[in-house]
Peer 1: 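Quick one: the structure is below, questions incoming.
Basis for what follows: all heavy atoms, side chains included, without hydrogens, waters or symmetry-related copies.
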Amino acid sequence: MYFRHLVLAACLLLLSGCGIIDYFFLPPPEDTAQELYEGANDAMQEKNYSQAAQYYTKLKDNFPFSPYTVEAELSLGDAFFLDGKYPEAAEAYKEFESLHPRHEAIPYVLYQVGMSNLKSFISVDRPTTSTQEALEFFGRLRETYPNSEYAQKSVEEMKNCRRLLAEHELYLGDVFWNMNNYGPAWRRYTYIVDNFPDVPEVSAHAKEKALSAYYRYREQQSQKAREQIQGSWKRWFDWL
């Protein structure tokens, strides 16, 4: 009886030892597509958007043909957007559009690309690449899906884009003005008047500054002309 118990104990020890070896030396089992998807959704509900983005990325990379993957690709953009990572969100949404151009969520995707770019705006002294792209995507949305709820929402956002672009041009005009470069300032202010009549508060101000810049520019040109004439006469008399 004692010997039988000893053999049983040895077998149990051997089995548990195999489990310990497996635990420390074998790779852990991979999460399934469903587990990754559910984990990502749980993280989104908990507002842990960074963790959700990691799960969605792993799902789409490891299980490209899973029934959960398309939703994960779209939700990845949402996770980045809600986490304030707007450039990453824009790229995720654009990738979704390129992969699924006929998906029913494309109006939403176009709107979100626009919003991601618009929210990337920092200040009027920075390049306007993201703002221009936002305007482009809002325009595409209104042209391609005019009856979509997102097309209607984009109207106000397009106005915001136009205002930011006009303010950027006004900033550049003011930079030239403050440097006493009235010719470039006049041309910049005139550009605003000609191209941004839909931003009346900026356009009206630019028109006033354009008139002042033009007069100062002409004064500068006259002064330079007088100096050139005087310089020519001085050189003539010096030669004599």
Side-chain angles (χ1 to χ4, degrees), residues 23-145 148-161 164-165 168:
Y23 180 80
F24 284 103
F25 294 99
L26 293 180
E30 288 286 340
D31 292 322
T32 66
Q34 182 177 352
E35 288 171 338
L36 288 171
Y37 183 69
E38 291 176 351
N41 289 344
D42 290 342
M44 289 286 279
Q45 290 182 358
E46 296 169 1
K47 298 185 179 181
N48 189 349
Y49 304 121
S50 179
Q51 182 68 62
Q54 292 179 28
Y55 281 136
Y56 287 133
T57 300
K58 188 174 182 180
L59 171 55
K60 76 184 190 70
D61 290 345
N62 294 352
F63 302 95
F65 304 109
S66 166
Y68 300 101
T69 301
V70 174
E71 189 65 29
E73 291 168 342
L74 179 58
S75 297
L76 177 61
D78 293 339
F80 283 136
F81 185 86
L82 293 171
D83 202 27
K85 297 179 178 178
Y86 301 118
E88 292 89 339
E91 290 305 312
Y93 289 126
K94 285 190 284 187
E95 182 180 5
F96 182 90
E97 184 199 6
S98 67
L99 293 173
H100 314 285
R102 302 183 187 280
H103 195 279
E104 62 182 4
I106 291 302
Y108 168 76
V109 169
L110 295 177
Y111 179 77
Q112 285 297 100
V113 174
M115 290 303 300
S116 297
N117 278 289
L118 184 55
K119 285 182 174 292
S120 297
F121 172 82
I122 298 175
S123 62
V124 293
D125 61 329
R126 300 293 184 91
T128 60
T129 305
S130 62
T131 307
Q132 290 172 342
E133 186 172 89
L135 186 62
E136 174 191 340
F137 272 84
F138 289 136
R140 280 184 54 201
L141 171 58
R142 292 191 62 197
E143 180 178 344
T144 311
Y145 303 96
S148 165
E149 62 174 303
Y150 297 104
Q152 303 304 317
K153 292 172 65 174
S154 70
V155 173
E156 196 63 31
E157 304 306 338
M158 292 182 75
K159 292 179 182 179
N160 290 334
C161 290
L164 292 175
L165 292 174
H168 174 74

Peer 1: Is a donor from one side chain sitting under 3.5 angstrom from an acceptor on the other, for Tyr37 and Asp42?
Peer 2: no
Peer 1: Is it true that Lys85 and Glu91 make a salt bridge, defined as a side-chain N closer than 4.0 Å to a carboxylate O?
Peer 2: no
Peer 1: When you look at NZ of Lys94, are more than 12 heavy atoms from neighbouring residues, nucleotides or ligands closer to it than 6.0 Å?
Peer 2: yes
Peer 1: Please report the closest heavy-atom contact between Glu97 and Phe137, naming both atoms and the distance.
Peer 2: OE1-CE2, 4.0 Å
Peer 1: Ser66 side chain to Phe63 main-chain N or O, any donor-acceptor pair under 3.5 Å?
Peer 2: no
Peer 1: Does a side-chain N-to-carboxylate-O contact under 4.0 Å join Glu95 and Lys60?
Peer 2: yes
Peer 1: Backbone N or O of Arg140 within a donor-acceptor pair of the Glu143 side chain at under 3.5 Å?
Peer 2: no
Peer 1: Looking only at heavy atoms, which two atoms of Cys161 and Thr131 are closest? And how far apart?
Peer 2: O-CG2, 3.8 Å
Peer 1: Are the side chains of Leu164 and Thr128 in touch, meaning some heavy atoms are under 4.5 Å apart?
Peer 2: no
Peer 1: Do Met158 and Arg142 make a side-chain contact, defined as non-hydrogen atoms from C-beta onward lying under 4.5 Å apart?
Peer 2: yes
Peer 1: Taking the six-membered ring for Trp and the full ring for Phe, Tyr or His, determine whether the centres of Tyr145 and Tyr150 are under 6.0 Å apart.
Peer 2: no
Peer 1: Mark yes or no for whether Asn117, through its side chain, and Val113, through its backbone, hold a donor-acceptor pair below 3.5 Å.
Peer 2: yes
Peer 1: Let me see the working for Phe81 and Tyr86 under ring pair (Phe, Tyr, Trp, His ring centres under 6.0 Å), right down to the final yes or no.
Peer 2: CA-CA 5 Å; Phe81 185 86; Tyr86 301 118; 5.4 Å; yes
Peer 1: Work out which heavy atom in Ser148 is nearest to a heavy atom in Pro107; give both atom names and the distance.
Peer 2: OG-CB, 3.5 Å
Peer 1: Could you tell me whether the side chain of Ser75 and the main chain of Ala72 form a donor-acceptor pair under 3.5 Å?
Peer 2: no
Peer 1: With side chains defined as the heavy atoms from C-beta onward, is the minimum distance between Pro87 and Ser120 less than 4.5 Å?
Peer 2: yes
Peer 1: Kindly check if the number of other-residue, nucleotide or ligand heavy atoms within 6.0 Å of OH (Tyr55) is above 12?
Peer 2: no
Peer 1: Can Glu73 and His100 be counted as having a side-chain donor-acceptor contact under 3.5 angstrom?
Peer 2: yes
Peer 1: Check whether any side-chain heavy atom of Leu135 lies under 4.5 Å from a side-chain heavy atom of Gln132, and answer yes or no.
Peer 2: no
Peer 1: Check whether any side-chain heavy atom of Ser130 sits under 4.5 Å from a side-chain heavy atom of Leu118, and report yes or no.
Peer 2: no
Peer 1: Is there side-chain contact between Phe138 and Glu156, with at least one heavy-atom pair below 4.5 Å?
Peer 2: no
Peer 1: Compare all side-chain heavy atoms of Leu36 with those of Tyr56 and state whether any distance is below 4.5 angstrom.
Peer 2: no
Peer 1: Say whether Glu38 and Asn41, considering side chains only, have a donor N or O and an acceptor N or O under 3.5 Å apart.
Peer 2: no
Peer 1: Are Asp78 and Met44 packed together at the side-chain level, in the sense that at least one heavy-atom pair is separated by less than 4.5 angstrom?
Peer 2: yes
